[in-house]
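What follows is a set of notes on a single structure, which appears directly below.
Note that ligands are numbered from 1 as they come in the structure, with each ligand's atoms numbered from 1 the same way.
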Amino acid sequence: MQTTDKPRTYRVKSFGCQMNVYDGERMAEMLAEDGLSPAPEGEDADLVVLNTCHIREKAAEKVYSDIGRLKREDGSSPLIAVAGCVAQAEGEEIMARAPSVRMVVGPQAYHRLPAMVRDAADGRRSTDTDMPAETKFDALPARRKSGPTAFLTVQEGCDKFCTYCVVPYTRGAEASRPFADLVAEAERLVAGGAREITLLGQNVNAWTGEDAKGRGVGLEGLVAALAEMPDLARIRYTTSHPNDMTDALIAAHGEIAKLMPYLHLPVQSGSDRVLGAMNRSHTVDSYLALLDRFRAARPDIALSGDFIVGFPGETEAEFGETLKLVDAVGYAQAFSFKYSPRPGTPAATMDGQVPRQVMDERLQRLQAAINRDQLAFNQASTGRTCEVLVERRGKLPGQWLGKSPWLQSVFFEGEAAIGDIVTVELAEAGPNSLRGRLLERALV
Ligand code: SAH
Ligand code: SF4
Ligand code: F3S
C-alpha cells in the first residue's frame, strides 16, 4: 500500500462539452472546500483530475497519453483521478491498465470525490461509477464566485438513443433538477459576479419542473423566473433536441428580452433516410418548420447546429442533401464531425461504414459551406449597434473581447472592464469574430 501526504494542490482538466466544464468547476469548488488550493499556472499539482469526454474516437487513448504525460522526471506521479464520460464507460479497464490512476469517478458520482481523495492519500484505489438515486447536486457546496458568464446544469442525461451516440450510456436517463434549487444556484452565481447564465442539459429543453406557485412549467418558466433577477442581464440555453421543443419556449424568445437571440439546434443530417437510421425521430421538413417558428417569434435569431458526416450507409447524394440543408438555413455558426463508431452503440456495427478519405472529403466540403455562411452572417451584422458583454482582455493593449447577443466574438478598444455591458457598433467582420467600435460604456 502506497500512502502519500494529503494533497495540498489540485488541477482539474475538463474535456468535451460544456456540461463537463460545469462538472469540472463543481469538482474544483469541492476540493477547495476540502482545504486544497488550485495549483499555480505552470506548477505541478499534487492531485490531477482528468475530466474526460467519450463522444468521439481516441477518447480513451487520449486519457492514457494524458496519464503518461503526468509522470514526473523522478518517476513519481501526482494523485490521478479520471472523471467524466470515459471514466463511466471504461473505468474498470483504466484501473487495470493504468496503475498510477488512483480514482475513477463517473459523472453522477463526483460528489464523492473528496472522500475518494482521502482514501487515495491512505493508499486505497477506488472506483465509483454508480448512478445513485440521491442527486450529487445536494452534496455539493454552494457556489461562491463567478466570472461574467456562468454555466448552470439544469437537466442531465438522455433517453433519445441516437444510434451513434454514447451519452445515454455515460450520463444515464433524463432528469431535471428542481426549480427552487436552480433559482437558488442562479442567485448565488449572480451574487458572485455572473451577468450571463447559460442553462445546460444534454437535452436542456426537456427540462420540466414546478415553479414557485406549484405550477408545472417547462424551460420557459425557468427562464422567466431567472429573467426577474435585476443583476442578471442575459440568459442562454443549450443543447436542445428538436423533439422536445415547445410552443412556450419558442414564444419566450419573443417575450423575454434577456433571453438571447441564439438557438443551437443540432440536426445531424439533411437526409430523412439517414435521420431515420440515426433514430433522430425528426425529419428535415419538421426541423425546418421548427426554425421558421423561431424566426417568426424572434426574427433576428442566430441559428446554430451540429452535423455528422459519413454515418454508415451515407451516400454522396444523401450528403448532398446535408449541403442543401445548410444552404437553406444559413447558419450563424455550426459544428460538424466525422462519424466515429462508438463501442456498444448500434451504428458501430451497421453495414456500409464509410471510408475515412470519403469522410475527410465530405467534412471539408461541409465546413467550407458552414464557414461561408458564418462569414456571411457576420458581414450582414456590420453596421449594427449592439450590446457586448465584456468577457476578457484582448491580445493587444487596451483591447477587450466580449460577445454580441448573437454569440459572436467581438473585440474593441477603449475604456471598459470585465463584466461590463457596452454598446458597440459592429464595424468589420471575419469568419470567427468582428471588430467593434465602442460607443458607450453603459454600466447597466
Ligand atoms: N445532446 C445533443 C448533443 C450531444 S453530443 C444533441 O442531441 O444534439 C454533441 C454532438 O456530437 C452531436 O450533436 C453530434 O453531432 C456529435 N456526435 C455525437 N456522437 C457522435 C459520433 N459517434 N460520431 C461523430 N459525432 C458524434
Ligand atoms: Fe446523443 Fe442523440 Fe441524446 Fe443528443 S439526443 S445526447 S446525440 S443520443
Ligand atoms: Fe463528452 Fe460526455 Fe459531454 S461524452 S460531450 S463529456 S456528455
What atoms in ligand 3 come closer than 4.0 Å to a heavy atom of Cys53?
1 (Fe), 4 (S), 5 (S), 6 (S)
So which bit of Met19 gets within less than 4.0 Å of ligand 3, heavy atoms only: side chain, backbone, both or neither?
neither
For the pair Arg177 and Asp181, find out whether any cationic side-chain nitrogen is under 4.0 Å from an anionic carboxylate oxygen.
no
Between Asp23 and Arg26, is there a side-chain N and carboxylate O pair less than 4.0 Å apart?
no
Assess whether a salt bridge exists between Arg356 and Glu57, defined as any Lys/Arg side-chain N lying under 4.0 Å from an Asp/Glu carboxylate O.
yes
For atom 7 (S) of ligand 3, what is the nearest protein heavy atom, given as residue, atom name and distance?
Gln202 NE2, 3.1 Å
Do the side chains of Lys258 and Glu387 get close enough for a salt bridge, i.e. N-O under 4.0 angstrom?
no
Glu220 and Ala252 have their tightest heavy-atom pair at CB-CB, 4.0 Å
Both conditions, 6.0 Å and 45 degrees, for the charged tip of Arg97 above the ring of Tyr64: are they met here?
yes
Does some non-hydrogen atom of the protein lie less than 4.0 angstrom from atom 14 (C) of ligand 1?
yes
Could you check atom 21 (C) of ligand 1 against the protein and tell me its nearest heavy-atom contact, residue, atom and distance included?
Ser340 O, 3.7 Å
Could a heavy atom of Arg280 be found less than 4.0 Å from some atom of ligand 1?
yes
Would you mind checking which non-hydrogen protein atom is closest to atom 8 (O) of ligand 1, with the distance to 0.1 Å?
Pro266 CG, 2.9 Å
Ligand 3 to Cys85, heavy atom cutoff 4.0 Å, flagged ligand atoms 2 (Fe), 4 (S), 6 (S), 7 (S)
Using a 4.0 Å cutoff against the non-hydrogen atoms of Cys17, which atoms of ligand 3 qualify?
3 (Fe), 5 (S), 6 (S), 7 (S)
Look at Glu156 together with Lys136 and state whether they make a salt bridge at an N to O cut-off of under 4.0 Å.
yes
So is Arg171 in contact with ligand 3, going by heavy-atom distances below 4.0 Å?
yes
Salt bridge present between Arg144 and Glu33 (N-O < 4.0 angstrom)
yes
Basic-acidic side-chain contact under 4.0 Å: Glu29, Lys145:
no
Residue, atom and distance of the protein heavy atom nearest atom 4 (S) of ligand 3 read His54 N, 3.2 Å
Measure centre to centre between the rings of Phe137 and His111, then say whether the value is under 6.0 Å.
no
Phe337, portion touching ligand 1 at heavy-atom distance under 4.0 Å:
side chain
Protein contact to atom 5 (S) of ligand 1 [nearest heavy atom, distance to 0.1 Å]:
Ile55 CD1, 3.6 Å
Report yes or no: do Gln367 and Ser336 form a side-chain donor-acceptor pair below 3.5 Å?
yes
So if I apply the salt bridge (Lys or Arg N to Asp or Glu O under 4.0 Å) rule between Asp119 and each of Arg125, Arg124, Arg102, which one comes out positive?
Arg124
Looking only at non-hydrogen atoms, the one of Asp244, Thr239, Asp306, Val167 nearest atom 12 (C) of ligand 1 is Asp306
Among Gln202, Arg342, Gln268, Lys160, whose heavy atom sits nearest atom 1 (N) of ligand 1?
Gln202
Counting heavy atoms only, which of Arg56, His241, His264 comes nearest to atom 11 (O) of ligand 1?
Arg56
Looking only at protein heavy atoms, identify the closest one to atom 4 (Fe) of ligand 2 and say how far it is in Å.
Arg280 NH1, 4.4 Å
Ionic contact status for Arg273 with Glu314, cut-off 4.0 Å
no
For ligand 2, which atoms sit closer than 4.0 Å to a heavy atom of Tyr164?
7 (S)
Under a 4.0 Å threshold between the charged nitrogen and the carboxylate oxygen, would Asp44 count as salt-bridged to Arg11?
no
Tyr287-His241 aromatic ring centre distance below 6.0 Å
no
Protein N, O or S atoms under 2.8 Å from atom 3 (Fe) of ligand 2
1
Lys/Arg-Asp/Glu bridge criterion (N-O < 4.0 Å) met for Glu316, Arg362
yes
For atom 24 (C) of ligand 1, what is the nearest protein heavy atom, given as residue, atom name and distance?
Lys338 O, 3.2 Å
Should Glu57 be listed as contacting ligand 1, given a heavy-atom distance under 4.0 Å as the test?
no
Atoms of ligand 1 under 4.0 Å from any heavy atom of Tyr339, numbered from 1 in the order shown, are 23 (N), 24 (C)
Heavy-atom contact check, 4.0 Å cutoff: does Ile308 meet ligand 1?
yes
What atoms of ligand 3 come within less than 4.0 Å of a heavy atom belonging to Asn20?
6 (S)
Tell me if the centroids of the rings in Phe307 and Tyr331 come within less than 6.0 Å of each other.
yes
Which residue and atom name correspond to the protein heavy atom nearest atom 19 (N) of ligand 1, and how close is it?
Tyr164 CD1, 3.3 Å
Do the charged groups of Arg143 and Glu185 touch, with an N to O distance under 4.0 Å?
yes
